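Letters A, B, ... are given to chains in the order of the sequence lines, protein chains preceding strands, and every chain is numbered from 1. As the structure is a prediction and not an experimental result, all values here were calculated from the model.
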Amino acid sequence: MSEFKYPRELRLLTGGDFQQVFDNVSLKVPDRHILILARPNGLDHPRLGFVISKKNVRHAVKRNRVRRIMRESFRLNQHNLPPVDILIMARKGIDELEKDELHRLAKKCWSRLRKKAKQAST
RNA sequence: GGAGUUCGCCAGACAGUCGCCGCUUCACUUCGGUGGAGGGGAGGAAAGUCCGGGCUCUACAGGGCAGGGUGCCAGAUAACGUCUGGGCGGCGCGAGCCGACGGAAAGUCCAACAGAGAGUAUACCGCCUAAGUAUCUUCGGAUACCGGUAAGGGUGAAACGGUGCGGUAAGAGCGCACCGCGUGACUGGCAACAGCUCACGGCGAUGGUAAACCCCACCUGGAGCAAGACCAAAUAGGGGGGCAUUUACGCGUGGCCCGCGCGGCCCCCGGGUAGGUCGCUCGAGGUGUGCGGCGACGCACAUCCCAGACGAAUGGCUGUCCAAGACAGAACCCGGCUUACAGGCCGACUUCCGCA
RNA sequence: GGGGAUAUAGCUCAGUUGGAUAGAGCACGGCCCUUCUAAGGCUGUGGUCGAGGGUUCGAAUCCUUCUAUCCCCG
């Protein structure tokens, strides 16, 4: 039985973790509202981190909303993802999306990420 | 019932389910944790960082200068630029609301353009005068210069108290009355201040600015939880105690000058960046009752524990209901101010209309 | 989270302390010069002085509230 929890092991925790992703980007999933950077992490599960700047999303409430919804989608789809470190960077205008739009956006990005990871490994 | 003023409060609710972060407790444990149960988990502004305080380090913050702040009076408070009550001024029929509201006679400063004149004021037009000088003359006088005048016109943001009477050549606080203003008494008030009170001053010390400098009174050292403390790899060298020296110089305490600490000798101790732990939430705390006070608030008793994260929790999905949910997310903590904001509720009051 | 600074013409900046005309360079338009262009000369256009409120007779300037941008502290 697979679990859908979100413990600390599934997060990028330190500045070093983030820097490693930035330095060794092997997968990129660009979109109009977000940019996903990723690299294989050698573990048996993916890890997630966020970069949402104050410049792109002005209000803290909106930054929290974007992060929470994307994180929730990651939590529910974690077993369909390759073992990579994922970095989600928000772009301008993402705070204008509705809740269901964000969910659709996340699902779309996960499938694109899966595809690219498969291509890269072969 | 309409219109309005004011005070306080609320900030979608409930259920299911999948997650996240602390706490309490029980069990297991390879002492790293794992599991069960219980309970808690953003705001009135958490925001801006505009003030004030706690806390920490610097000397348990000391003197002087500079700088900064506050600015009617009294009180509340840990403190404040906040709040309460009062005074004064302004707005409103009113309930009420608004006000950086000390001093311009200590000094510096400003008054562009316009205007005759803008500072111990001024004579452009006008008004008056006909003594003097001059011209004309119908010999009555007329006019120009000189002179008097701040009532009227005009300029300006501002032109030197206002109205009336007297007065005068015409005028003028020149004189008088009333009003305004100033000064000193007296009375009331802790005070700000007030007064159908009394006396004095003719107001010629022009007006404006103190949100220009300034004066007066009071307040104020600096930095900030990335403060600071502790545990601890590599690498570079440091810290504590005692004694001595305080003359010079250097460094630190960061506006400057004092002052203070360090430097020298002896003894002792390994040091502290990555990382980790603490600081970190029980507090000028909430709620209720009673008492004191017009009130802000204070006191007493009872009762409650109510976020504490650290790449950073407080969320996603589904359903039901309604008046269809605004502004918006804690990061050391409080007290204020300011700014943003859908809608709704309780109380008090004002005014208009109708009915009795 | 905390501390600090800036905003003036299309661009880079003066002017702000000490109040009364908003100015310089580059750019742009016109004319001159040249066979033409560049350079040079003459001349002109262009400003809600970041926004709102206040003080004042008068505010880019003084006070205050907001907005935007930038920098520093691990």
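Using a 4.5 Å cut-off on side-chain heavy atoms (C-beta onward), A:Phe74 and A:Leu81 make contact. Put simply, the side chain of A:Lys107 does not reach to within 4.5 Å of the side chain of A:Arg104, judged on heavy atoms. Between A:Gln20 and A:Arg39 there is a side-chain heavy-atom pair separated by less than 4.5 Å. Considering only heavy atoms from C-beta on, A:Ile36 stays 4.5 Å or farther from A:Arg112 through its side chain. With contacts defined as side-chain heavy-atom distances shorter than 4.5 Å, the pair A:Leu35/A:Pro30 qualifies.
Pairing for B:U82 is with B:A76, a Watson-Crick or G-U wobble pair whose two hydrogen-bonding atom distances lie under 3.5 Å. Across all strands shown, B:A284 forms no Watson-Crick or G-U wobble pair with both key distances under 3.5 Å. If you check B:A144 for Watson-Crick or wobble pairing at under 3.5 angstrom, you find it paired to B:U133. Across all strands shown, B:U338 forms a Watson-Crick or G-U wobble pair, both distances under 3.5 Å, with B:A47. Within the shown strands, B:G224 is the pairing partner of B:C55 under the Watson-Crick or G-U definition, both distances less than 3.5 Å. Across all strands shown, B:A177 forms a Watson-Crick or G-U wobble pair, both distances under 3.5 Å, with B:U163. With both pairing distances under 3.5 Å, B:A192 is matched to nothing as a Watson-Crick or G-U wobble pair. Pair assignment for B:U34: B:A27, on the basis of Watson-Crick or G-U wobble contacts that are both within less than 3.5 Å.
As rounded to whole Å, 11 Å separates atom P of B:G48 from atom NE2 of A:His59. The interatomic distance linking A:Asn64 (CG) with B:A330 (P) rounds to 8 Å, in whole Å. Atom CG in A:Asp17 sits roughly 12 Å away from atom P in B:G275 (whole-Å rounding). In this structure, CZ of A:Phe4 is placed 12 Å from P of B:C18, rounded to the nearest angstrom. If you measure from atom NZ of A:Lys54 to atom C1' of C:U67, you get 15 Å, rounded to the nearest angstrom.
Annotated as anti: B:G319, whose O4'-C1'-N torsion sits more than 90° from 0. Using a 90° window around 0 for the glycosidic torsion, B:A42 falls inside it and is classed as syn. Anti is the glycosidic conformation of B:G103, whose angle departs from 0 by more than 90°. In this structure, B:G68 is classed as anti because its glycosidic torsion departs from zero by more than 90°. Classified by its glycosidic torsion, B:C306 falls in the syn category, the angle being within 90° of 0.
Atom name C1', nucleotides B:G336 and B:C301: the rounded distance is 30 Å, in whole Å. On the P atoms, B:U77 is 15 Å away from B:C294, given to the nearest whole Å. Comparing the P positions of B:G292 and B:A309 gives a spacing of 47 Å, expressed to the nearest Å. For B:C50 and B:A223, the P atoms lie 13 Å apart once the distance is rounded to whole Å. Rounded to whole Å, the C1' atom of B:G53 lies 14 Å from the corresponding atom of B:U220. For the P atoms, the distance from B:A170 to B:C165 is 16 Å, rounded to whole Å. B:A66 and B:A157 have their C1' atoms separated by 39 Å, given to the nearest Å. Annotation: B:G162 and C:U56 have their P atoms spaced 25 Å apart (nearest Å).
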Are any protein N/O atoms closer than 3.5 Å to N/O atoms in nucleotides 315-318 of chain B? If there are, list each pair with its distance.
from, atom 1, to, atom 2, distance (Å)
B:G315, N2, A:Glu72, OE2, 3.2
B:G316, O3', A:His103, NE2, 3.2
B:C317, OP2, A:Lys99, NZ, 3.4

- Criterion side chain to side chain contact (heavy atoms under 4.5 Å, CB included) on A:Met70 and A:Ile34, from CA distance to verdict: CA-CA 11 Å; A:Met70 298 303 284; A:Ile34 60 170; 3.9 Å; yes
- Could you go through the side chain to side chain contact (heavy atoms under 4.5 Å, CB included) check for A:Leu87 and A:Val51 one step at a time? CA-CA 7 Å; A:Leu87 204 55; A:Val51 177; 4.3 Å; yes
- Query: Which is it for A:Leu102 and A:Ile94 under the side chain to side chain contact (heavy atoms under 4.5 Å, CB included) test, yes or no, and what are the steps along the way?
  - Reply: CA-CA 8 Å; A:Leu102 280 169; A:Ile94 193 169; 4.0 Å; yes
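The residue A:Arg58 sits close only to the backbone: its heavy atoms come under 4.0 Å of sugar-phosphate atoms, none of a base. Base contact: A:Phe18 has a heavy atom under 4.0 Å from a base atom. The residue A:Arg63 sits apart from the nucleic acid: no heavy atom pair falls under 4.0 Å.
Both A:Arg67 and A:Ala60 lie near RNA chain B, and the one whose nearest nucleotide falls closer to the 5' end is A:Arg67. Taking for each of A:Phe50 and A:Lys62 the nucleotide of RNA chain B with the nearest heavy atom, the 5'-most of the two is the partner of A:Phe50.
Atom CZ of A:Arg58 is surrounded by 12 or fewer heavy atoms from other residues, nucleotides or ligands within 6.0 Å.
Taking every heavy atom of both residues into account, A:Ser73 and A:Trp110 meet most closely at OG-NE1, 3.0 Å.
Picking from B:G19, B:C21, B:A42 the nucleotide with the shortest atom distance to the side chain of A:Arg11 gives B:C21.
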